[in-house]
Amino acid sequence: MAERPEDLNLPNAVITRIIKEALPDGVNISKEARSAISRAASVFVLYATSCANNFAMKGKRKTLNASDVLSAMEEMEFQRFITPLKEALEAYRREQKGKKEASEQKKKDKDKKTDSEEQDKSRDEDNDEDEERLEEEEQNEDEEVDN
């Protein structure tokens, strides 16, 4: 775990981006306010993680999963975030599924291409062998004619 409390703070760039997206254009925020929001966000993440971990421990698991986080949100009385979180989770799962399918298709296409190249190479080798055999036969015929 973190050695100092400051190590638990979220990156300032992330906090600044979130704040800018949440505020209307032209509204500024002081460094002190940004720091306070950063600390509050860090405390929230730690608290949510701790609550989610309790649900995982009740389930005799060491790995937190999405249902643990959703249960933690409910326990922390953040019910209004559950629906948006579920929607974001479904979108994430669809995206991951799409990436996985694309990766599998790419692998299949690559395998097909490799198989096709191997067949072409094998065909070329067979053609080369046929040409060599024909040349040998022609030479043998020429030698027989000469004899």
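All figures in this text were calculated on a predicted structure; none of them were measured in a lab.
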To the nearest 0.5 Å, what is the distance between CE (Met76) and SG (Cys51)? 5.5 Å
CG on Asp68 to CE on Met57, rounded to 0.5 Å: 11.5 Å
Rounded to the nearest 0.5 Å, what separation is found between the CZ atom of Arg93 and the CD atom of Glu95? 13.5 Å
Establish whether Tyr47 and Phe78 are linked, either directly or via other cluster members, by ILVMFWY side-chain heavy-atom contacts under 4.5 Å. yes
Neighbour count above 12 (heavy atom, 6.0 Å) for Glu77 CD: no
Would you indicate whether Glu21, at its atom CD, is surrounded by more than 12 heavy atoms from other residues, nucleotides or ligands within a distance under 6.0 Å? yes
Of all the heavy-atom pairs spanning Glu75 and Phe55, show the shortest one and how long it is. OE1-CZ, 3.4 Å
So does Lys31 get a backbone contact from the side chain of Ser35, meaning a donor-acceptor N/O pair under 3.5 Å? no
Taking only Lys NZ, Arg NE, NH1 and NH2, and the carboxylate oxygens of Asp or Glu, determine whether Glu90 and Lys86 approach each other closer than 4.0 Å. no
Backbone of Lys99 reached by a side-chain donor or acceptor of Ser103 within 3.5 Å: no
Contacts of Ala36 meeting side chain to side chain contact (heavy atoms under 4.5 Å, CB included) (sequence neighbours excluded), chain-then-number -> none
When you look at Asn12 and Arg34, which way does the side chain to side chain contact (heavy atoms under 4.5 Å, CB included) test go after all the steps? CA-CA 8 Å; Asn12 284 332; Arg34 186 176 17 248; 5.6 Å; no
Which distance, rounded to the nearest 0.5 Å, do you find between the NZ of Lys20 and the CG of Asp25? 11.0 Å
Out of curiosity, does Leu23 fall in the hydrophobic cluster containing Ile37 (side-chain heavy atoms, cut-off under 4.5 Å, transitive links)? yes
For side chain to side chain contact (heavy atoms under 4.5 Å, CB included), just list the numbers for Ile18 and Leu10, CA-CA rounded to whole Å, side-chain angles, deciding distance to a tenth of an Å, and then say yes or no. CA-CA 11 Å; Ile18 293 170; Leu10 297 169; over 6 Å; no
Look at atom CZ of Phe44 and say whether more than 12 heavy atoms of other residues, nucleotides or ligands are closer to it than 6.0 Å. yes
Which heavy-atom pair separates Glu74 from Gln79 by the least distance, and what is that distance? O-NE2, 3.4 Å
Check whether any side-chain N or O of Ser50 sits under 3.5 Å from a backbone N or O of Leu46 as a donor-acceptor pair, and report yes or no. no
Kindly compute the distance separating CD1 (Ile82) from OG (Ser71), expressed to the nearest 0.5 Å. 8.0 Å
Distance col, row Leu70:CG vs Leu85:CG, nearest 0.5 angstrom, shows 6.0 Å
